[in-house]
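Just below is one structure, and these are the notes that go with it.
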Amino acid sequence: MSVRIVYGEEGVCDAVELLRHGGVVGLPTETVYGLAGNAFDPLAIARIFEAKGRPLTDPLIVHLPAVSWIEQVVQFSSLGQRAIVGKLAEAFWPGPLTLLLPKHPDLPELVTAGSDRVAVRVTAHPLFQKILHRLGSPLAAPSANRFGRISPTSASDVCLELSESIELILDGGPCEHGLESTIVSILGDHLEILRPGPITEDQLKEYGHVSRPGTIVNTPGSLPGHYAPKKRLRIIDSDILSLPPEDRVGLMIFNTSFQEIHGQYAAVEILSSSGDLKQAAANFYGALRRLDQSNVDWILAQPVPEKGIGVAIMDRLRRASYGSLHGKGHQDSNSLVR
Ligand code: TXA
Ligand code: MG
């Protein structure tokens with residue numbers, strides 16, 4: 001299969017046409033690029049899982065053009081639940097917030113991997129919105145990367161990940177946020193952050209009691225070992241100097257205040273020279289991908305301050321480095337850690 005990258009109005013028409021016939025398309029969102037298919041077409045959903053090499057046990061997020069569509073895919077369990085969703089929607093939709101709610105029985109089970117809850121969000125990306133309106137159906141869309149790999153924040157990233165398995169990518173430019181949406185489970189007035197993201201804990205506090213799992217949890221799909229580069233990745237800590245001296249090392253640093261750049265690194269990526277966490281988030285996956293493609297044996301990453309969206313950056317960094325720490329998930333044939 002050879003993939004086409006399309007743009008603008010013509011690209012939107014091609015994407016809608018393909019989606020109408022049960023196809024899947026790489027589409028831009030404000031967070032990361034998604035691989036979209038009609039949420040009510042089980043064949044299209046199966047194609048998403050196949051193209052990503054994703055286990056069928058890992059459910060997909062459903063995207064709506066507006067909160068008014070929510071009852072096509074969600075069956076509220078109480079008026080209170082509907083009211084809290086209304087408030088969150090008013091505050092954060094369209095935008096990078098995903099809500100986990102009771103699934104409507106008409107939505108195919110494949111989308112939620114058999115779970116009775118569905119993850120929904122309203123994306124702010126104008127091209128994605130246009131496609132949803134024209135198609136007239138919600139779209140299921142996970143991030144458009146091979147399962148467990150680095151998420152794509154540009155059309156060319158999607159091409160690198162999925163050129164063998166999809167035929168169309170709509171190029172909408174680089175993603176604004178660069179990290180996946182915040183996922184929140186709503187139980188009564190309790191909001192549990194299952195995946196930290198661009199909407200922060202502080203922003204959610206006004207809408208209910210907020211909690212977040214303290215450590216990496218194994219909810220479906222939020223496995224440690226996600227977002228992983230092929231090269232070995234370590235977060236910089238006190239035994240940074242224990243790497244074999246002959247190894248080529250790539251460095252990912254948060255800002256220019258880091259003192260260790262003295263030419264001993266084979267490649268350096270600076271996430272934000274001014275130390276801005278939002279900019280760092282937007283650059284994070286691209287920087288990780290470039291280092292992964294460069295001629296290095298190791299990637300060392302400087303931790304970022306864990307506040308605001310820094311919480312989400314550190315979540316992704318820890319998951320991305322998990323395989324290197326535990327000797328799993330690395331395809332580099334020179335790897336010392338297997
Ligand atoms: O920003 C985003 O959320 C992007 C864009 C494309 O919308 N999407 C995204 O999808 O990150 P994905 O599939 O890469 O990550 C969604 C996460 C997975 O960990 C999945 O297991 C979890 O959400 N998830 C989805 N539906 C769920 C459900 N019904 N119950 C529990 N977890 C769910
Ligand atoms: Mg993903």
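Remember, it's 1-based here, ligands and their atoms both numbered in the order they're listed.
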Salt-bridge present ([X], [Y]; N to O < 4.0 Å):
X    : Y    : answer
E201 : R212 : yes
K87  : E206 : no
E30  : R121 : yes
D297 : R248 : yes
K307 : D202 : no
E180 : R316 : yes

Could you say whether the N/O atoms of [X] and ligand 1 ever approach to under 3.5 Å?
X   : answer
Y33 : no
T29 : no
D58 : yes
R54 : yes

Do [X] and [Y] pair up side chain to side chain, a donor and an acceptor below 3.5 Å, judged on atom types alone?
X    : Y    : value
T123 : Q129 : no
R82  : S77  : no
R20  : S137 : no

Pull out every atom of ligand 1 sitting under 4.0 Å from any heavy atom of [X], numbered as shown with elements.
X    : value
E180 : 1 (O), 2 (C), 11 (O)
A119 : 25 (C), 26 (N), 27 (C), 29 (N)
I183 : 17 (C), 23 (O)
H63  : 5 (C), 7 (O)
T31  : 1 (O), 2 (C), 4 (C), 5 (C)
I61  : 3 (O), 8 (N), 9 (C), 10 (O), 16 (C)
S181 : 1 (O), 2 (C), 3 (O)

### Task
Give a yes or no answer on whether the side chain of D276 reaches the backbone of S272 with a donor-acceptor pair at less than 3.5 Å.
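Checking the backbone N and O of S272 against the side chain of D276, no donor-acceptor pair under 3.5 Å is found.
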
### K103 touching ligand 1 at heavy-atom level, < 4.0 angstrom
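No, K103 has no heavy atoms under 4.0 Å from ligand 1.
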
### Message
Any heavy atom of R121 closer to ligand 1 than 4.0 angstrom?
### Response
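Right, R121 reaches ligand 1.
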
### Query
Quick check: does S143 put an N/O/S atom under 2.8 Å from the Mg ion (ligand 2)?
yes

### Task
Would you kindly specify which portion of T123 sits under 4.0 Å from ligand 1, judged on non-hydrogen atoms: side chain, backbone, both or neither?
neither

### Residue portion contacting ligand 1 (non-hydrogen atoms closer than 4.0 Å) for L60
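L60 to ligand 1: backbone contact only, side chain stays beyond 4.0 Å.
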
### Query
Would the F284 and Y227 ring centres measure less than 6.0 Å apart?
no

### Query
Looking only at non-hydrogen atoms, which of S185, G34, A141 approaches atom 8 (N) of ligand 1 most closely?
A141

